[in-house]
Colleague: 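After the structure tokens below, expect a handful of questions from me.
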4 protein chains.
Amino acid sequence: MPIQARSRERVERILDATAQLVLVDGIDGLTTRGIADAAELPVASLYQYFSDKDAVLLALCERDMAEMDDQVARDLAAVADLTIASMVETAMRAFVKVYHRRPAFMQIWMRGRTNNAIYDYGRHHNKRIAENLLAVAASARIVDTEAYTAAELAALAELAVEVGDRAFQLAFERDPRGDNFLLDQAIELVTGYLERIAKRP
Amino acid sequence: MPIQARSRERVERILDATAQLVLVDGIDGLTTRGIADAAELPVASLYQYFSDKDAVLLALCERDMAEMDDQVARDLAAVADLTIASMVETAMRAFVKVYHRRPAFMQIWMRGRTNNAIYDYGRHHNKRIAENLLAVAASARIVDTEAYTAAELAALAELAVEVGDRAFQLAFERDPRGDNFLLDQAIELVTGYLERIAKRP
Amino acid sequence: MPIQARSRERVERILDATAQLVLVDGIDGLTTRGIADAAELPVASLYQYFSDKDAVLLALCERDMAEMDDQVARDLAAVADLTIASMVETAMRAFVKVYHRRPAFMQIWMRGRTNNAIYDYGRHHNKRIAENLLAVAASARIVDTEAYTAAELAALAELAVEVGDRAFQLAFERDPRGDNFLLDQAIELVTGYLERIAKRP
Amino acid sequence: MPIQARSRERVERILDATAQLVLVDGIDGLTTRGIADAAELPVASLYQYFSDKDAVLLALCERDMAEMDDQVARDLAAVADLTIASMVETAMRAFVKVYHRRPAFMQIWMRGRTNNAIYDYGRHHNKRIAENLLAVAASARIVDTEAYTAAELAALAELAVEVGDRAFQLAFERDPRGDNFLLDQAIELVTGYLERIAKRP
DNA sequence: AATGAATGAGATTTCATTCAT
DNA sequence: CATGAATGAAATCTCATTCAT
């Protein structure tokens with residue numbers, strides 16, 4: 001097996017093992033030895049692939065986040081009539097799909113944010129999501145660029161994403177599959193809020 | 001100095017020290033030794049006042065939460081014309097006042113909720129706040145009790161409280177005094193969302 | 001209530017509480033706080049009656065040992081025909097009686113001898129028992145004082161007591177009431193051994 | 001130095017250090033820090049070789065017990081005329097040899113048996129010694145298998161071993177090399193007791 | 001005499017990380 | 001590259017004992 005492939009395989013195994021462990025023991029219970037054991041490799045070998053423990057968590061987030069971004073992009077591309085409402089709904093439903101597909105990721109995301117690395121990554125990622133969605137909306141010319149400055153729009157978008165995030169947290173806390181009533185409400189809430197930036201006809 | 005007063009003073013010192021430390025090092029960085037050093041007393045003495053580390057955190061939350069509840073109650077009592085909008089604004093501004101007075105509390109509240117003790121307390125408290133506000137609104141007959149079931153109203157209120165929390169977190173992250181634009185937006189967001197439960201004329 | 005009486009009552013309560021605790025948690029689990037709680041008095045008050053924790057254990061042994069000595073003396077006094085065999089049997093059966101009456105004492109005695117205080121007390125007491133029994137036997141003129149020096153007799157007697165002690169330990173380990181087969185064997189063993197010091201007719 | 005040898009050497013050093021410490025401070029005074037200091041290695045390294053404190057004690061017992069078993073087996077093999085008396089004497093003298101070689105072991109053995117790990121191991125080992133000796137005696141056809149049931153024989157043998165243990169303890173307490181008079185008496189005592197199971201001609 | 005409060009001094013164990021090979 | 005082994009640095013909590021009142 002070529003070294004690179006072996007390396008990639010091991011990294012995946014580490015990430016999967018970490019995901020499983022977080023699911024079972026929570027973020028606080030996570031140890032390097034635990035990860036190594038679960039991934040069936042020596043502890044010291046972890047450090048060949050990751051600089052430290054936080055880096056593992058981060059990589060896990062990144063991997064699954066990339067999947068989430070893909071899902072959002074793909075689903076948005078399939079929307080015929082792009083409005084603020086359809087965008088919000090599509091994006092948020094895409095999130096839910098990935099949370100369902102990756103329960104461990106959901107756990108880490110929802111409950112693991114005391115870890116500074118994850119927390120910071122989360123803030124950073126939410127900001128990027130907000131920017132991306134704003135860009136899509138802008139290029140679809142569905143944003144009222146006259147009533148708000150660019151900075152205000154950015155702040156609004158980020159607020160909306162964060163608030164949606166928290167609402168989902170609540171929904172997934174109540175039910176590991178996401179409480180349906182709360183999911184719907186979350187979407188309504190964010191939609192309602194963001195419609196103020198929709199272009200007035 | 002009477003013993004009881006001395007004891008209370010020490011407890012306060014422990015709580016204040018804890019608050020400072022959480023602010024600086026985060027919840028994960030909190031250690032009993034750290035608390036004791038900061039509070040200038042022997043580690044063993046911590047255990048006279050608190051059964052364990054979690055209990056300290058919990059007490060801190062309780063202390064500041066009580067203050068927050070007071071503030072909200074007092075400010076709401078002073079509102080002449082009670083509407084959903086005036087309630088939300090009054091309550092949220094009351095929160096801001098307390099966050100100003102107790103910056104450490106905000107941090108703990110916003111970032112400390114993976115700690116089980118805090119988490120449970122937080123969920124419980126938010127729920128209670130939501131219930132209280134809902135009760136006030138109901139007795140002022142400004143809630144549309146026909147369009148929603150009681151359970152739905154409870155869920156809506158809780159969601160609003162949690163989402164307001166998160167929005168405030170963002171505002172206070174950007175600016176230690178709370179970013180004004182974001183604070184306003186937060187209030188608008190929650191108000192907008194909750195107005196759907198206002199009684200239709 | 002006169003102070004002395006109150007004091008004696010408290011000492012008894014401490015001793016009883018200690019006995020119970022040892023029975024439940026073993027010697028290693030014993031704490032001053034535990035004793036105080038069980039005896040329903042403040043920890044600090046323990047130190048009014050005992051110099052330290054070991055002193056409590058020691059006092060407990062002494063109290064029950066005194067009872068044991070009484071039992072032996074009383075039972076021996078009732079023996080009509082004093083021989084080595086009847087002495088050994090009577091004394092050992094008296095031990096068993098007290099072990100039955102005082103199960104906590106039995107526990108401490110049988111399993112608590114890692115504690116230095118208890119261990120030393122045990123050695124000391126076994127020696128005294130040996131001396132006493134030897135004195136009784138000598139005054140009943142059933143000992144062969146010609147074949148052995150006084151020092152040898154003392155050593156023999158002590159060995160017999162210690163060995164009997166260990167045999168009982170085994171018997172009470174196997175069965176909290178004392179395994180009957182082993183109890184009988186223990187008596188036979190000690191009797192058989194000591195008969196060598198019986199006066200030859 | 002090859003790693004395995006280094007590891008074995010360290011384990012030995014830990015065991016020796018433990019033995020010394022138990023000898024000086026008793027079992028209760030034993031601490032992981034103490035062991036580590038005496039063995040001149042970091043406390044954390046203890047846990048590379050042993051799962052916890054009890055495991056160290058246990059390993060110490062096992063090591064010395066193995067030596068004792070060897071000694072007994074070797075010496076018994078050299079006995080020409082196997083009788084109960086010669087067996088008992090040979091075995092007990094073999095014990096003495098090992099106690100001489102391993103004074104710490106005797107201490108641990110005699111005083112450490114409240115520690116659960118050691119206690120359980122001790123009971124188990126004494127039983128096995130008793131069984132082994134009984135088996136040797138049986139195969140040499142020097143046991144009266146008609147007067148006693150197998151269970152009784154087993155109990156008798158175990159009692160004899162335990163009682164011999166205790167007698168030896170006394171002998172070694174009085175004199176670090178083992179008081180000769182008491183050693184002789186111990187052998188006589190056990191021999192005398194066990195001869196009842198010798199086959200009647 | 002009585003006691004609530006205070007504390008010095010550890011004890012055991014865990015863990016992330018680093019080397020030497 | 002890979003890894004078994006090693007370890008510095010803590011962390012939490014307990015407990016016997018002592019004071020000040």
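Just so we're on the same page: letters track the sequence lines, and every chain starts at 1.
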Colleague: Give D/Leu46 one of three labels, base, sugar-phosphate or nothing, depending on what nucleic acid heavy atoms sit under 4.0 Å from its own.
Modeller: nothing

Colleague: Measure from the side-chain heavy atoms of C/Val43 and tell me the nearest of E/dA16, E/dT18, F/dT17.
Modeller: F/dT17

Colleague: Hey, does B/Tyr49 reach any base, or is it just sugar-phosphate, or nothing, if we go heavy atoms under 4.0 Å?
Modeller: sugar-phosphate

Colleague: Write down the distance between CZ (D/Arg33) and P (F/dA10), rounded to a whole number of angstrom.
Modeller: 13 Å

Colleague: Is the shortest side-chain N to carboxylate O distance from A/Asp165 to A/Arg123 below 4.0 Å?
Modeller: no

Colleague: Once you apply a heavy-atom cut-off of 4.0 Å, does A/Ile35 come out as touching a base, just sugar-phosphate, or nothing?
Modeller: nothing

Colleague: Are D/Arg13 and D/Glu9 ion-paired here, with the side-chain N under 4.0 Å from a carboxylate O?
Modeller: yes

Colleague: From the options F/dT17, E/dA6, E/dA11, select the nucleotide whose nearest atom is closest to the side chain of D/Thr31.
Modeller: E/dA11

Colleague: Would a distance-only check, ignoring hydrogens and angles, find a side-chain to backbone donor-acceptor pair under 3.5 Å from D/Arg102 to D/Asp64?
Modeller: no

Colleague: Using atom CD of B/Gln48 as one end and atom C1' of F/dC15 as the other, report the distance to the nearest whole Å.
Modeller: 12 Å

Colleague: Provide, to the nearest angstrom, the distance between the CG atom belonging to D/Leu21 and the P atom belonging to E/dA11.
Modeller: 12 Å

Colleague: If each of D/Gly34 and B/Leu41 is mapped to the nucleotide of DNA chain E with the nearest heavy atom, which maps nearer the 5' terminus, i.e. the 5' end?
Modeller: B/Leu41

Colleague: Specify the separation, in whole Å, of atom CZ of B/Arg10 and atom C1' of E/dG4.
Modeller: 13 Å

Colleague: Pick the nucleotide of DNA chain E nearest each of B/Pro42 and A/Ser51; which residue has the one closer to the 5' end?
Modeller: B/Pro42

Colleague: In whole angstroms, how far is the C1' atom of E/dT12 from the CG atom of D/Asp28?
Modeller: 15 Å

Colleague: May I ask you to decide if the ring planes of A/Tyr121 and A/His124 are parallel, tilted or perpendicular, using 30° and 60° as cut-offs?
Modeller: tilted

Colleague: Indicate whether OP1 or OP2 belonging to E/dT12 is found under 4.0 Å from a side-chain N or O atom of D/Thr32.
Modeller: yes

Colleague: So, the side chain of C/Lys127 versus the backbone of C/Gly122: is there a donor-acceptor pair under 3.5 Å, distance only?
Modeller: no

Colleague: Using heavy-atom distances to pick each residue's nearest nucleotide on DNA chain F, tell me which of C/Gly29 and C/Ala44 is more 5'.
Modeller: C/Gly29

Colleague: Between the opening five pairs and the closing five pairs of the helix from E/dA2-F/dT21 to E/dT21-F/dA2, how far apart are the helix axes, to 10°?
Modeller: 20°

Colleague: Nearest of E/dT17, E/dT14, E/dT7 to any side-chain atom of B/Ser45?
Modeller: E/dT7

Colleague: Take atom CZ of B/Phe50 and atom P of E/dA5, then tell me their distance rounded to the nearest Å.
Modeller: 14 Å

Colleague: Indicate yes or no: at least one non-hydrogen side-chain atom of D/Ile35 is less than 4.5 angstrom from one of D/Thr31.
Modeller: no

Colleague: Roughly how many Å is it from CD in B/Glu40 to P in E/dG8, rounded to a whole number?
Modeller: 14 Å

Colleague: Quick one: which of F/dT7, F/dT17, E/dT13 gets closest to the side chain of C/Lys53?
Modeller: F/dT17

Colleague: Starting at NZ of B/Lys53, measure out to CG of B/Leu58 and round the result to the nearest 0.5 Å.
Modeller: 13.5 Å

Colleague: Send over the distance from B/Asp37 CG to F/dA10 P, rounded to a whole Å.
Modeller: 12 Å

Colleague: Give a yes or no on this: more than 12 heavy atoms of other residues, nucleotides or ligands lie within 6.0 Å of atom CZ of A/Arg128.
Modeller: yes

